[in-house]
Amino acid sequence: MVLHDPIKPLIRAPLTDPFGRDISYLRISVTDRCDFRCVYCMSEDMAFLPKRDLLTLEEIDRVASAFVSRGTRKLRITGGEPLVRRDIMNLFRSLSRHLASGALDELTVTTNGSQLARYAQELADCGVRRVNVSMDTLDPEKFRKITRWGDLSKVLAGIEAARAAGLRVKINAVALKGVNEDEIEGLMQWAHGLGIDLTLIEVMPLGDIEPARLDQFLPLSMVRARLMDRYTLDDDAYRTGGPARYVRVRETGGLVGFITPMTHNFCESCNRVRLTCTGTLYMCLGQEDAADLRAPIRASSDDTLLYRAMEEAISRKPKGHDFVIDRRRPRAAVGRHMSVTGG
Ligand code: SAM
């Protein structure tokens with residue numbers, strides 16, 4: 001619906017799904033490429049998309065801006081590794097106009113941190129206030145094993161650069177059975193010591209990878225119970241607009257977030273949709289249904305077709321996902337890797 005008054009600017013109705021959830025959060029995967037090969041995320045010999053299939057940065061801006069005009073208040077740039085896409089700062093720079101106009105509350109990024117030392121100041125200059133850095137361990141050897149190609153010292157330098165640029169850093173760590181489960185307390189102590197919050201994520205069955213999912217899955221209910229043996233965890237109302245639920249640790253004063261798609265389904269309050277680097281819109285991380293937004297933008301320079309495709313897509317947003325990791329379903333619940341849909 002378009003409410004048009006010739007005196008006031010064009011006001012478009014927010015996008016609302018069939019379950020009454022306002023879609024106010026768009027995550028954009030700007031590339032499927034990454035300079036790491038995390039074992040739970042990608043196989044070592046990933047085949048990447050040909051460059052011609054990708055939306056240009058201008059096309060990404062166009063789709064993002066259409067969402068902003070229909071009620072999106074938060075944009076997260078992700079990937080693959082978003083900071084390895086060529087000229088990515090052009091996108092941040094152009095999207096920052098929506099922060100300046102007040103149409104957008106937040107422009108943020110999820111990164112593996114490898115390029116952060118180079119880009120932290122520019123991100124801050126574009127109005128980015130917070131960055132999520134994915135880091136599952138503080139042990140350089142283990143870091144190399146998990147990421148296959150990563151260098152922990154670069155990520156730590158990136159985190160320092162981000163802090164120096166005034167960005168608020170949050171660490172995201174995937175809890176992995178037998179890999180970093182003994183380190184979670186250490187990660188928390190380190191992060192909280194620097195005034196950084198830590199969010200833990202349950203491994204999700206996305207994309208086929210070599211090690212069996214079942215071997216990696218560590219329920220966060222168990223991690224939480226272990227932390228509670230040593231710390232006092234108070235439920236906290238803090239929200240970032242994402243799926244994490246937080247506790248404040250009395251002894252450290254810091255926050256720990258839990259993203260628990262497996263042990264506690266967080267779909268009821270889902271306000272998110274995800275755009276891939278080829279212009280496919282996924283209405284749910286854990287379902288296959290998707291809408292193509294590349295065809296409507298390439299068919300016309302006018303946004304009418306784009307708006308129609310967006311509305312039609314949101315009218316099909318499912319109630320939730322049905323991830324299961326069990327021995328009867330050893331294959332991935334969803335064939336796409338996280339690097340395709342964007343974490
Ligand atoms: N390269 C960026 C990064 O490392 O943050 C952004 C993309 S990455 C796919 C986003 C997040 O998804 C990371 O925190 C990563 O650990 C997480 N992730 C990837 N595959 C996952 C899976 N199967 N289950 C849970 N989290 C996953």
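Residue numbers run from 1 in the order of the sequence given. Every number for a ligand or one of its atoms is a count from 1 in the order of the listing.
The distance from the OG1 atom of Thr147 to the CG atom of Leu152 is 8.5 Å, given to the nearest 0.5 Å.
Applying the salt bridge (Lys or Arg N to Asp or Glu O under 4.0 Å) test to residues at least two apart or on different chains, the pairs with a partner in residues 95-104 are Asp61-Arg97.
Figure legend: Arg224 and Phe258 shown as a cation-pi pair, the cationic atom lying under 6.0 angstrom from the six-membered ring centre and within 45 degrees of its axis.
At a heavy-atom distance under 4.0 Å, only side-chain atoms of Thr78, from C-beta outward, approach ligand 1. By the criterion of a heavy-atom distance under 4.0 Å, the backbone of Thr111, and not its side chain, is placed next to ligand 1. When heavy-atom distances to ligand 1 are checked against a 4.0 Å cut-off, Val174 comes that close only through its side chain, counted from C-beta outward.
Partners of Arg294 under the side chain to side chain donor-acceptor pair (under 3.5 Å) rule, at least two apart in sequence or in another chain, do not exist in this structure.
Residues Glu185 and Arg230 are paired through a salt bridge, judged by an N-O separation under 4.0 Å between the basic side chain and the carboxylate. The residues Arg248 and Asp236 are annotated as salt-bridged, a charged nitrogen and a carboxylate oxygen being separated by less than 4.0 angstrom. Lys319 and Glu268 are not joined by a salt bridge, as no carboxylate oxygen comes within less than 4.0 angstrom of a charged side-chain nitrogen.
Note on ligand 1: Glu202 sits in its first shell, one or more heavy atoms being nearer than 4.0 Å. The closest approach between a heavy atom of Gly80 and any atom of ligand 1 is below 4.0 Å. Between Cys38 and ligand 1 there is no heavy-atom distance shorter than 4.0 Å.
Remark: ligand 1 atoms within the under-4.0 Å shell around heavy atoms of Val203 are 24 (N), 25 (C). For ligand 1, the atoms lying closer than 4.0 Å to a non-hydrogen atom of Ser134 are 3 (C), 4 (O), 5 (O), 13 (C), 14 (O).
Judged purely by distance below 3.5 Å, without hydrogens or angles, the side chains of Thr108 and Lys74 never pair a donor atom with an acceptor atom.
In terms of polar-atom proximity, defined here as any N/O pair under 3.5 Å, Asp136 makes no such contact with ligand 1. Taking any N or O of Pro82, backbone or side chain, none lies under 3.5 Å from an N or O belonging to ligand 1. At least one N or O atom of Tyr40 sits closer than 3.5 Å to an N or O atom of ligand 1.
Nearest to atom 23 (N) of ligand 1 by heavy-atom distance, out of Gln216, Arg33, Met204, Met135, is Met204.
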